[in-house]
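Working notes, structure below.
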Amino acid sequence: MRLPNLSTLINAAGPFFGLLAVIAFFSLDPDVRQSFLTGGNFKIILTQTVIVAIAAIGMTLIIVSGGIDLSVGSVVALTSVVAARLLSLDNPCSPLLVTSLTILTGAFIGMVNGCIIAGIRMMPFIVTLGMMGIARGTAKWLGDSQTVNVPNLPAHQEAVAPLLKLMAMQRPFEFLPVPLGVWITLLLAAGMALVLRQTVFGRHLFAIGSNEATARLCGIRVQWRKVMIYAIGGAFAGLAGLMQFSRLNQGDPTVAIGLELDIIAAVVIGGASLSGGTGSILGSMIGALIMAVLRNGSNQMDWPTYRQEIIIGCVIIFAVALDRWRQSRARRNPSAPS
Amino acid sequence: MRLPNLSTLINAAGPFFGLLAVIAFFSLDPDVRQSFLTGGNFKIILTQTVIVAIAAIGMTLIIVSGGIDLSVGSVVALTSVVAARLLSLDNPCSPLLVTSLTILTGAFIGMVNGCIIAGIRMMPFIVTLGMMGIARGTAKWLGDSQTVNVPNLPAHQEAVAPLLKLMAMQRPFEFLPVPLGVWITLLLAAGMALVLRQTVFGRHLFAIGSNEATARLCGIRVQWRKVMIYAIGGAFAGLAGLMQFSRLNQGDPTVAIGLELDIIAAVVIGGASLSGGTGSILGSMIGALIMAVLRNGSNQMDWPTYRQEIIIGCVIIFAVALDRWRQSRARRNPSAPS
Amino acid sequence: RQQTEDTADGRKRLTIAVIPKGTTHEFWRSIEAGARKAEQELNASGTPVQIIWKGPLREDDRDLQIQVVENFMARKVDGIVLAPLDSQALVAPVENATKAGVPVVIMDSDLKSDQYVSFVATDNYKGGQLAGDHLGKLLNGTGDVILLRYAVGSASTEAREAGFLDALTNRHPAIKLLSDDQHAGPTRETAYQASQNLLNRYGAEADGIFCPCEPPTIAMAMALRDLGKAGGAIKMVGFDAGSKSVEDLKNGDLQALVVQDPVRMGYLGVMTLVEHLQGKPVEKRIDTGVHLVTRDNMEDPEISELLNPPIDQYLK
Amino acid sequence: MSRLRMIGVQKRFGATQALKSVSFSVAPGEVHALIGENGAGKSTLMKILSGAHRPDAGTIELEGEPLQPENPLHARRCGIAMIYQELNLAPHLSVEENILLGAEPSTLGWLHRRERRALAHRALAELHHDSIPLDAPAGTRTIAEQQIVEIARALIGNPRVLIMDEPTSSLTHSDTQQLFTVIARLRERGVSIVYISHFLEECRQICDRFTVLRDGETVGSGVMASANLQEIIRLMVGRDIEDIYPRVPRQPGRAVLELHGIAGPARPRNATFTVHEGEIFGLAGLIGAGRTETLRACFGLDRVREGTLLAFGRPSTHGTPSSRLAQGIGLLSENRKEEGLMLNRSVADNLTATRYQPFVRCGFIHQRRQRRVTNDWIARLGIRASHSTQSVTELSGGNQQKVAIARLLHHDARILLLDEPTRGIDVGSKVQIYQLMGELAAQGRALVFVSSYLPELLGVCDTIGVMCRGVLTEVRPAAHWTEHDIISAAVGQSPA
Ligand SMILES: Nc1ncnc2c1ncn2[C@@H]1O[C@H](COP(=O)(O)OP(=O)(O)OP(=O)(O)O)[C@@H](O)[C@H]1O
Ligand SMILES: Nc1ncnc2c1ncn2[C@@H]1O[C@H](COP(=O)(O)OP(=O)(O)OP(=O)(O)O)[C@@H](O)[C@H]1O
Ligand SMILES: [Mg+2]
Ligand SMILES: [Mg+2]
């Protein structure tokens, strides 16, 4: 086991400087700086990033392996409803059971995606586009087309309490303690980064994304791996759904519409290519942070919504264009072997 | 000039039978049939298809050439706002001028997309994802974060009247007269189908989508073509925006969120492949119709919204899976050359 | 499924489509309860009625709501009760339906047309004024205030926002607005993010907050609690009686709620339409009332029923 | 006077100087061979001529006029057509559309249908392949037919200069001869032809003059008829090669791979042969005979429809690539670019993709150890790579192939299925690969060697089987075959 090597760090550095630039930009105005550059605000930003970041971990695996998952937003909504429903049963499930069942629901949907993609060899874009509607519809169905609130009874509230802690913010004006969800995200990101870089499974992912035919030739069970990858991605979406539930204290079947595009944007800003074979968890996390900082900063600058949308759009294009340019330059002046 | 040849027809037959199957399904229940299988209802379905269908014509070109455009929904919203703004000026523009400027706005945004994609050689997915935010933001900006209504003054209403006719429905219980917009859609679809099949430009589109490197080596100016393709796609989105204006009688910066996914689904259900090189306008039109019939039929069947969403999702996956299966069978038993 | 079907006793059964703006918020659930209440009463009184409750596929999409109206028109239902997502966009389909012999009652939000049977709604502008005046009173006429708007282009909330702002400028000129151009967006999550970010910037200065409908009201209270400013440090006035908001009011996290009477709105919407179909004359504008609820009056039986409408009695 | 002159052409790709001052000229009606090792710069030079690349320096003259091809379209308009080394077809387009791509007859953008078909038909007829249906999608035709389509495309514009970059690498013997008659006809018409090939015998057969490139420089040129092959090879490689087919002494052992009547989905229809330890088994046949499919069926990439397969004496007819690899069977794909290698991954990852165990500790990959092992292989096979984390795209074709072979060696495969391991590889590298194959056999491994180049099969193999239309017809020791016998068996005539 070794720390990620130099070239990985340099690759992640691009998005990282982007993040610094965005933070610096919002700190220019002294009025805004006062409230923007505070521990409390960064706690808020981190908390707001959790959902996108957790889902982005799974999406990174999927994109690295050359796929894409458009159903993530719907799965987040569905699993948040599932969590709320489980907690609203006459005998509410224990928090641990809710957590596992929610994640399993996500994993199950991911697995269905993976099975169709691997089994019928269909484009992931289409399969997950279809699943996007199916999961959203199922969420509405389970939620009876409404938000699901946990009943205000002692037994139920007791079961909910630990889950609500996941995203609960204490001491708003200090950085610590950061909500549990942030630590979980960090832990999972670190873990999956290791898996991606340092294990055979991670290598297989890169191999499949880089050239599927070769991966098959090298004895990788490509179809199985795909099922696994989408299931893992779904599990992360499920966990994100749990966080969403914890944040809203309700299951909302209409939440997270279009979230998949934010997640994909985060992964791509973080240096992944949609044609597969490149990408890193660290980059995706930074990408997710960039988006959250932009949103937070625009609110603090009192920018109208439209300006925020335009700027985020420009940042997406610009970040990826920069990345392309950096890479083409790197190819022209290859650095010494690391 | 010749009618499309046999293999084209057979290719389009798949989606066509799909359409028939969907219509037949909703006609099973005699109660529903009474209102579903009427001229008036089909007029409504056709009118509801116009916006998706027009945008799908442009999207077909883009997808055939191996690209994708996620910004279409936002462009529809933006151009509907542009049309409304032009008509709300103190001296309202003439309907013809409004029409051309609206279409040009769409074409301009498409051109920007195309220039970035061709110039920096970036993935269309990312570029148009960024543009999606930019166009949406611009729409809100132009609309001052509100819907734009044309002032209720004689001069203005006079200018608006011909545009409103585009989508106005007369005699709701008879099939004829069909709104002007439907005729325009049919005309454009027929025209672009000819262009795609019978002109050098169409040929080049298929060649670029099928193998870009080959296209370049055969002397096709791939980058220019791409700019053109995205500009044309944008122009169609602009026209769809005009239709949207005509339908709502207002410019609405929040309309058509997620419409791009419906449009892509229509094109793909119509037999196009997202990896480029295949697709037909006829197919895309049928795909758009299938989606509209599904929506209309579900309403008439009294299905809850969620069931409709689930079913449309399933239809997307199923249609494409069927298409794959048909094609793999065709490859195994190649028919005699036509 | 059938437009007019003869029931056992030979009377025609009326099919009425009720089309809300969306389905997820409790507000719409109460409207549905009201509509169902009307359905039950009518059926009991010998006027067979069937209610079809159908929200648009995506909430807040005007074109999709138009499609729902058109599809019901094609189905030749006997009448439509509609909460239009937009005052302008829905004009043509409503006029078409009227022309085609399908009368339409408008509820909740206005429509820029006169070809409907009746408009059954809260006076939203007045609701906003109530909120503005109450906040002014809470702050004794001075202080800094935040308005977190709902979403772009929503007529009813915009009327409330306008009423609120007018009340402040006309009657409480010393109150300063810190921010009034941020939108909460359609869901509780988007509203929560916007609230957190706004409070982080202005939380120290703000004295009062107004939110014009359910999602931002709940989300802003959550953000205030996060910040430790709930319970009166920052006075907050919200809108609509979401069950969570009612709880917040009870806990003192909210100082006041402006509530409408959605059950009545749904009920009157259907009743008015049926009366019209039976050939009786109906009022063109029916106000269903707004009420300012504070901790002091929330136990009044009348108000209590508004806060906890007996929904389950009507929805199976 | 020469038709085409290139003087002092230079081209640099990032760190590689692909061309350092190359000059050569072609006369009207001349067939000019361009010869050189892999990576010598032949394709690059021709791509500059056809407008696909821009030169950094140097001048080009066509009929005495200076020419600067801006892009492929410009070059085409000037009468320069090129058949590229890699297949360049739009698979979804029909044969006819592919032939006319970029030169569609039209007025104001409208296509002329009849003229189109006539032109395409004429071009195919000239190649004696008018049986290829014009409306079939190009992607569904065989590789050989696709190559014909490409040649037809080059003939369409009546070019003055025609460049052929390894046109015969996937043609059958008879198609090659057919092509040569076309070349002869074109030469009579005064067309100048640049012919690139690693098969020196072919060059000898049809070329008038030759130019040899080495490391991006012109190292010699002359008249083909008066040159001797050994001389040309020395110019190319820069040293003498005594023995092209080195023989390493070896002893066949027990049977390790036995096929009995194996049939796949379409091909093969019936393949029966046995391979022993320490044996190189050659598989000959025409393109499309199903040799690739036979190997793929053995390796579990294609379904086995009928028959039985014994590996190391144990029956195991059905398998997957992973189970085959676990048994110690490895496959080298004939399609390096699309199947053989992950081009944008590092040499280390490509080389060790099938066996990570030696560096895995507690589930994690020990990267330093992985690189050390990779460097060992780089040194042992003489792979020209700057370091083990270099991406494979940056290597030349021959070195890419060595990486692919090194993967099998790293996997320590006991049975190696090698599909066209020498395709597109220069003489020097070929000799290295033959040497390596011999050594592997001597270590007691079993090799199946598929090739369309008969001399190397005859030179390297111990036993040769010939396939014809999916059926393995005849297996004999290599010494009992002649080139003529193999060709007759491959076209289905019973051998004399
Ligand atoms: N697009 C490119 N980018 C970077 N390097 C390139 C590129 N194309 C060629 N090269 C390099 O230029 C050199 C010459 O390559 P070229 O393809 O011209 O060789 P060649 O003589 O045609 O070899 P072969 O016989 O294998 O076809 C090689 O070192 C190759 O790696
Ligand atoms: N993708 C495909 N679709 C349909 N048929 C195919 C496909 N690939 C190969 N074939 C057919 O399978 C048969 C054998 O293919 P292939 O040309 O690979 O054989 P081969 O003997 O291995 O030739 P070589 O190795 O010399 O290229 C041919 O008839 C070919 O047309
Ligand atoms: Mg070459
Ligand atoms: Mg082969």
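Note on naming: letters A, B, ... go to the chains in the order of the sequence lines (proteins, then strands), and numbering restarts at 1 for each one.
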Taking side chain as everything from C-beta outward and backbone as N, CA, C, O, which of these in Arg407(D) sits under 4.5 Å from a heavy atom of chain A? Side chain, backbone, both or neither. side chain
Counting only heavy atoms not in Tyr356(D) (residues, nucleotides, ligands), do more than 12 fall under 6.0 Å from its OH? yes
Can you check whether Arg203(A)'s main-chain N or O pairs, donor with acceptor, with Asp349(D)'s side chain at less than 3.5 Å? no
May I have the step-by-step check of side chain to side chain contact (heavy atoms under 4.5 Å, CB included) for Gln198(A) and His366(D), ending in yes or no? CA-CA 8 Å; Gln198(A) 308 278 337; His366(D) 194 297; over 6 Å; no
Would you give the length of the straight line joining atom CZ of Arg197(A) to atom CD1 of Ile365(D), rounded to the nearest 0.5 angstrom? 11.0 Å
Whether Thr214(A) side chain and Leu341(D) backbone form a donor-acceptor pair below 3.5 Å: yes
Is atom CZ of Arg12(D) surrounded by more than 12 heavy atoms (other residues, nucleotides or ligands) closer than 6.0 Å? yes
Can you spot which of Leu343(D), Asn350(D), Val392(D), Asn344(D) makes a side-chain contact (heavy atoms from CB on, under 4.5 Å) with Ser210(A)? Asn344(D)
With a strict 4.5 Å heavy-atom criterion, list every residue of residues 316-328 of chain D that contacts chain A, or say none. Pro321(D), Ser322(D), Leu325(D)
Should the heavy atoms of other residues, nucleotides or ligands under 6.0 Å from CZ of Arg384(D) be counted, would the total exceed 12? no
For the candidates Ala207(A), Gly219(A), Gly277(A), Ala215(A), which exhibits the highest count of non-hydrogen atom pairs separated by less than 4.5 Å from chain D? Gly219(A)
Straight-line distance of Glu339(D) CD to Cys218(A) SG, nearest 0.5 Å: 9.5 Å
Please round to the nearest 0.5 Å and tell me the distance separating atom CG of Asn211(A) and atom CD of Glu338(D). 8.0 Å
Straight-line distance of Leu217(A) CG to Phe299(D) CZ, nearest 0.5 Å: 5.5 Å
With a 4.5 angstrom heavy-atom cut-off, is it the side chain or the backbone of Arg216(A) that approaches chain D, or both, or neither? both
